[in-house]
Amino acid sequence: MSGIYSFPVAGATFGKFCGGNLGGEHESCVEFAEIPGAAAAYVLQDTKSEGQGRELRFTGAELDQFALGWARQRGLAL
């Protein structure tokens with residue numbers, strides 16, 4: 001899918017994966033949401049202050065390939 005950066009993310013419902021830190025305002029989290037109006041497209045955001053306002057967008061297929069590759073590389077079972 002091309003043009004996924006042209007879709008606004010206002011109104012998206014974000015989930016959050018956290019870990020690897022002590023918690024509180026400096027918790028290491030990644031927020032993610034399906035992009036409204038885009039078929040199988042997602043936005044990821046960093047919650048740390050130095051990463052706020054930056055985002056990455058991926059198709060569902062791209063995220064699937066990333067997740068599978070990451071798990072394989074780390075020796076994780078799915």
Side-chain angles (χ1 to χ4, degrees):
M1 167 187 287
S2 64
I4 59 178
Y5 279 88
S6 66
F7 288 88
V9 294
T13 302
F14 281 86
K16 190 183 286 190
F17 289 119
C18 298
N21 209 332
L22 300 176
E25 68 180 272
H26 300 292
E27 179 67 50
S28 299
C29 300
V30 174
E31 294 180 322
F32 62 94
E34 189 166 1
I35 300 172
Y42 301 86
V43 57
L44 284 79
Q45 301 176 339
D46 188 348
T47 62
K48 292 184 293 303
S49 58
E50 62 271 17
Q52 286 184 338
R54 298 184 184 140
E55 64 181 37
L56 295 170
R57 297 184 181 200
F58 299 94
T59 65
E62 290 169 333
L63 278 179
D64 290 348
Q65 287 302 308
F66 168 76
L68 292 171
W70 176 256
R72 242 187 330 269
Q73 183 179 12
R74 307 262 304 153
L76 303 173
L78 297 177

Looking at every non-hydrogen atom in both residues, tell me the closest pair between [X] and [Y] and how far apart they are.
X	Y	result
Glu34	Ala40	OE2-N, 4.2 Å
Cys29	Thr47	CB-OG1, 3.1 Å
Gly37	Phe7	O-CE2, 3.2 Å
Pro36	Gly11	CG-C, 4.4 Å
Ser6	Gly3	OG-O, 2.5 Å

For the CD1 atom of Ile4 and the OH atom of Tyr42, what is their distance to the nearest 0.5 Å? 11.0 Å
Partner set under salt bridge (Lys or Arg N to Asp or Glu O under 4.0 Å) for Glu55, not counting sequence neighbours: Arg57
Can you hop from Phe17 to Phe58 via hydrophobic side chains spaced under 4.5 Å? yes
Name the atoms and distances for all side-chain donor-acceptor pairs under 3.5 Å in residues 61-68, with sequence neighbours left out.
{"from": "Glu62", "atom 1": "OE1", "to": "Thr59", "atom 2": "N", "distance (Å)": "2.8"}
{"from": "Glu62", "atom 1": "OE1", "to": "Thr59", "atom 2": "OG1", "distance (Å)": "3.4"}

Pick from Phe14, Tyr5, Phe32: which one makes a side-chain contact (heavy atoms from CB on, under 4.5 Å) with Val43?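 Exactly one candidate clears the test, Phe14.
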